[in-house]
Amino acid sequence: VALHNPSARVTITDGDGGVVDLLERNLRRNRCAASTKRLTWTQDDGETRNGQSEESGRPAAPGGDEPPTPPVKFDVILAAEAVAPIYDAAALVATLKRHAHATTQIRMVCKDGKWPDHAKFFYELLAADFAYTVEKPTSKLKASYFSLVSAALKKKPPPDPFSDEAC
C-alpha cells in the first residue's frame with residue numbers, strides 16, 4: 001500500500017516483536033515510508049487469552065499518573081489470516097472497534113474454511129458492532145479455506161428524543 005501510494009500514512013503491526021523487526025528490515029530494504037508498531041489484540045478490559053503482551057499505546061505512563069493514550073484510529077485496516085483458533089476472537093473484534101472510526105474500511109482475509117466453528121464464533125462477535133460481508137475469493141489457490149471479509153462499524157441510530165434518558 002505504501003509503495004503504490006507514497007502519500008498514505010501506513011502503519012504495519014504484529015503482536016510478535018521478532019516479526020516487527022523483520023517488517024522494519026523489509027521496509028528499509030524496499031525504501032518504503034511505512035511505520036511499524038507492536039500491537040497485541042486485547043479485550044476492552046485489557047485481557048487477552050493468546051499469551052501476548054499489552055497493546056502498544058494502551059497502558060498508562062510509568063507511575064500511573066497519566067491517563068492511557070487514546071488508541072489511534074485508522075481509515076483502512078487490512079488483516080491477513082487473523083481468524084484462527086490460536087487467536088482470541090473477542091480481543092480481535094475489540095481491537096478493531098478501538099482502532100476504527102465511523103468511516104473506517106476493514107478488509108480481512110480469513111481462514112474460515114479451515115476452522116468453521118471458530119469462524120462462526122468470530123462472525124457472531126463481529127456482528128455485534130460491525131456490518132460485514134463474506135466473499136469467497138476467485139482464485140483457486142486454497143479458495144475453500146479463505147474468505148474475503150469487508151467490515152465497517154454499524155451506524156448508530158440517532159437518540160430517541162422521547163426516551164427516559166433524554167428527559
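We use all heavy atoms of the structure for the numbers below, so side chains are in, but hydrogens, waters and symmetry mates are not.
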A.B. asks: Could you see if Val83 belongs to whatever hydrophobic cluster contains Phe121? Use Ile, Leu, Val, Met, Phe, Trp, Tyr and a side-chain cutoff under 4.5 Å.
C.D. replies: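 Result: yes, single cluster for both.
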A.B. asks: Do Val149 and Phe74 belong together in a cluster built from hydrophobic side chains that touch within less than 4.5 Å?
C.D. replies: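 Yes, Val149 connects to Phe74 through the hydrophobic network.
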A.B. asks: Show the numbers, then the answer: is there a side-chain contact (heavy atoms from CB on, under 4.5 Å) between Val72 and Thr11?
C.D. replies: CA-CA 10 Å; Val72 175; Thr11 303; over 6 Å; no
A.B. asks: With rounding to the nearest 0.5 Å, note down the distance linking CZ in Arg107 to CD1 in Ile77.
C.D. replies: 11.0 Å
A.B. asks: Do Tyr87 and Ile106 share a hydrophobic cluster, counting only Ile, Leu, Val, Met, Phe, Trp and Tyr and linking them when any side-chain heavy atoms are less than 4.5 Å apart?
C.D. replies: yes
A.B. asks: Would you check if the side chain of Asn30 reaches a backbone N or O of Asn26 as a donor-acceptor pair within less than 3.5 Å?
C.D. replies: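 The answer is yes, because a donor-acceptor pair under 3.5 Å joins these two groups.
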A.B. asks: Working to the nearest 0.5 Å, report the span between CD1 of Ile12 and CG of Leu27.
C.D. replies: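 That separation rounds to 4.5 Å.
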A.B. asks: Quick one: CD1 on Ile86 to CH2 on Trp115, what's the gap to the nearest 0.5 Å?
C.D. replies: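 Between atom CD1 of Ile86 and atom CH2 of Trp115 there are 7.0 Å.
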A.B. asks: Transitively linked via ILVMFWY side-chain contacts under 4.5 Å: Leu3 with Leu22?
C.D. replies: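 No.
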A.B. asks: Look at atom NZ of Lys154 and say whether more than 12 heavy atoms of other residues, nucleotides or ligands are closer to it than 6.0 Å.
C.D. replies: yes
A.B. asks: Over 60° means perpendicular and under 30° means parallel, so tell me whether Tyr132 and Tyr123 are parallel, tilted or perpendicular.
C.D. replies: parallel
A.B. asks: If every non-hydrogen atom of Ala82 is compared with every non-hydrogen atom of Trp41, which pair is closest and at what distance?
C.D. replies: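 Closest pair (atom of Ala82, atom of Trp41, distance): O-CH2, 3.6 Å.
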A.B. asks: Any pair with a residue in residues 71-84 that passes salt bridge (charged side-chain N to carboxylate O under 4.0 Å, His left out), sequence neighbours left out, goes on the list, sorted by first then second residue, please.
C.D. replies: Glu81-Lys111
A.B. asks: Ala151 and Leu126: which non-hydrogen atoms are nearest, and at how many Å?
C.D. replies: CB-CD2, 4.5 Å
A.B. asks: Under the side-chain contact (heavy atoms from CB on, under 4.5 Å) criterion, do His99 and Leu39 qualify, and how do the steps go?
C.D. replies: CA-CA 11 Å; His99 292 286; Leu39 175 75; 3.9 Å; yes
A.B. asks: What heavy-atom pair brings Ala94 and Thr42 nearest, and what distance separates the two atoms?
C.D. replies: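 So the two residues come closest at CB-O, 3.5 Å.
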A.B. asks: For the CG atom of Asp14 and the OG1 atom of Thr40, what is their distance to the nearest 0.5 Å?
C.D. replies: 8.5 Å
A.B. asks: Using the side-chain contact (heavy atoms from CB on, under 4.5 Å) definition, which of the options Asp88, Leu92, Thr95, Val93 pairs with Gln43?
C.D. replies: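 When side-chain contact (heavy atoms from CB on, under 4.5 Å) is applied between Gln43 and each of Asp88, Leu92, Thr95, Val93, only Asp88 qualifies.
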A.B. asks: For the residue pair Val20 and Lys37, what are the closest heavy atoms and their distance?
C.D. replies: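 Of all heavy-atom pairs spanning Val20 and Lys37, the closest is CG2-O, 4.1 Å.
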A.B. asks: For Arg9, does the CZ atom sit with more than 12 other heavy atoms under 6.0 Å from it, leaving out its own atoms?
C.D. replies: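 No, the 6.0 Å shell around CZ holds no more than 12 heavy atoms from other groups.
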A.B. asks: Do Val109 and Leu148 make a side-chain contact, defined as non-hydrogen atoms from C-beta onward lying under 4.5 Å apart?
C.D. replies: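 They are in side-chain contact.
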A.B. asks: Give the minimum heavy-atom separation between Lys97 and Asp129, together with the two atoms involved.
C.D. replies: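 Nearest pair, atom of Lys97 first, then Asp129: NZ-OD1, 3.3 Å.
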A.B. asks: Given the rule that I, L, V, M, F, W and Y join up when any side-chain heavy atoms are under 4.5 Å apart, are Leu153 and Leu125 in one cluster?
C.D. replies: yes
